[in-house]
Amino acid sequence: MDGRKDSLACSCDFSGIKPVMVELPYPPIRVKNENLTYANLLSIDYCGAVSEMTAITQYINHENRLAASRCPMAKALLGMAISEMMHLQELSEMIVLLGGKVDYTAKFRNGDWKMWTPEYMKSPDQARQMLQADLDAERATIDQYRMHINMIADNYINDVLERIIKDEEYHVMMLQFLLKEV
């Protein structure tokens with residue numbers, strides 16, 4: 001060496017990454033009236049074990065760990081994380097309109113509550129297992145949204161949840177494609 005210090009750098013350029021989502025507009029964020037029961041259901045989607053908060057954190061973790069060796073895959077995961085951030089924002093707006101509180105606490109019907117924790121994330125070591133964990137999480141999220149739609153009698157909220165499901169279904173398709181590539 002000639003006195004310079006060698007360093008490692010990620011060659012994956014993340015500038016210009018856009019959300020990975022269906023190109024359809026979102027319905028306006030509104031609710032029929034305040035309803036803490038609905039706010040609490042959405043708090044689970046916001047920051048429960050199966051939630052947008054968990055998805056964002058898991059995608060970012062996987063993207064960080066894959067960036068050096070699998071740049072295109074890392075970029076796709078970051079795009080999905082950005083989409084999930086938008087969902088998180090929409091959920092938070094509805095929770096507040098419903099009279100709820102956005103405090104990273106999932107509130108359950110039995111009165112129990114649980115603050116979000118990174119323990120909800122799945123962080124396997126291999127790319128294939130990361131993608132499978134992300135795919136499993138997306139499918140669980142879709143199922144949970146559908147269950148909540150069946151419990152909520154507010155078309156304004158359900159229209160937003162249905163639109164979010166379209167993005168989640170797109171993520172499932174993308175993850176299935178990425179899994180074929182590893």
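Note that these values count all heavy atoms, side chains included, but never hydrogens, waters or copies made by symmetry.
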For the atom pair [atom1] ([X]) and [atom2] ([Y]), what is the distance rounded to the nearest 0.5 Å?
| X | Y | atom1 | atom2 | result |
| --- | --- | --- | --- | --- |
| Asp136 | Thr141 | CG | OG1 | 10.5 Å |
| Leu98 | Glu34 | CG | CD | 8.0 Å |
| Glu23 | Lys166 | CD | NZ | 14.5 Å |
| Leu178 | Leu66 | CG | CG | 10.0 Å |
| Lys114 | Cys47 | NZ | SG | 11.0 Å |
| Ile95 | Leu36 | CD1 | CG | 11.0 Å |

Taking all non-hydrogen atoms of both residues into account, name the closest pair between [X] and [Y] and its distance.
| X | Y | result |
| --- | --- | --- |
| Ala67 | Ala74 | CA-CB, 3.7 Å |
| His62 | Ser123 | NE2-CA, 3.9 Å |
| Met73 | Val182 | CE-CG1, 3.2 Å |
| Ile60 | Ala81 | CD1-CB, 3.8 Å |
| Ala106 | Ser43 | CA-OG, 3.6 Å |
| Asp167 | Ser83 | OD2-OG, 3.9 Å |

If you define the side chain from C-beta out and look only at heavy atoms, does anything of [X] sit under 4.5 Å from [Y]?
| X | Y | result |
| --- | --- | --- |
| Ile44 | Asn40 | no |
| Ile142 | Val172 | yes |
| Tyr38 | Ile157 | yes |
| Glu52 | Ile164 | yes |
| Thr57 | Met121 | yes |
| Val102 | Ser92 | yes |
| Met173 | Tyr170 | yes |
| Asp103 | Met115 | no |

Exercise. Take Glu162 and Asn158 through the side-chain hydrogen bond (donor to acceptor under 3.5 Å, both in side chains) test and state the conclusion after the steps.
Key: CA-CA 6 Å; Glu162 289 285 358; Asn158 288 338; over 6 Å; no
Can you confirm whether [X] is buried at [atom1], in the sense that more than 12 heavy atoms of other residues, nucleotides or ligands lie under 6.0 Å from that atom?
| X | atom1 | answer |
| --- | --- | --- |
| Lys32 | NZ | yes |
| Phe108 | CZ | yes |
| Tyr26 | OH | yes |

Exercise. Please test Glu90 against His87 for side-chain hydrogen bond (donor to acceptor under 3.5 Å, both in side chains), starting from the C-alpha separation and ending with a verdict.
Key: CA-CA 5 Å; Glu90 291 158 349; His87 301 161; 5.1 Å; no
Assigning hydrophobic clusters by single linkage (Ile, Leu, Val, Met, Phe, Trp, Tyr; side-chain heavy-atom cutoff under 4.5 Å), is [X] placed with [Y]?
| X | Y | result |
| --- | --- | --- |
| Ile82 | Phe14 | yes |
| Met94 | Tyr156 | no |
| Ile149 | Val50 | no |
| Val160 | Met151 | yes |
| Met80 | Phe177 | yes |

Quiz item: So Thr54 and Trp116, side-chain hydrogen bond (donor to acceptor under 3.5 Å, both in side chains) or not? Walk me through it.
Solution: CA-CA 8 Å; Thr54 302; Trp116 187 85; 2.8 Å; yes
Any donor and acceptor pair, going by atom type alone, linking the side chain of [X] with main-chain N or O of [Y] inside 3.5 Å?
| X | Y | answer |
| --- | --- | --- |
| Arg163 | Leu24 | yes |
| Asp159 | Pro27 | no |
| Arg128 | Leu179 | yes |

Quiz item: Under 4.0 Å between a Lys/Arg side-chain N and an Asp/Glu carboxylate O for Glu138 and Lys122?
Solution: no
Quiz item: Hey, are Asp143 and Arg139 close enough for a salt bridge, meaning a charged N less than 4.0 Å from a carboxylate O?
Solution: no
Quiz item: Which is it for Gln126 and Met130 under the side-chain contact (heavy atoms from CB on, under 4.5 Å) test, yes or no, and what are the steps along the way?
Solution: CA-CA 6 Å; Gln126 303 300 316; Met130 287 181 205; over 6 Å; no
Practice problem: Tell me, with the steps shown, if Arg65 and Asn61 meet side-chain hydrogen bond (donor to acceptor under 3.5 Å, both in side chains). | Solution: CA-CA 6 Å; Arg65 294 176 9 195; Asn61 177 272; 3.1 Å; yes
Practice problem: Give the ring-plane orientation class for Tyr46 versus Tyr104, where under 30° counts as parallel, over 60° as perpendicular and anything between as tilted. | Solution: tilted
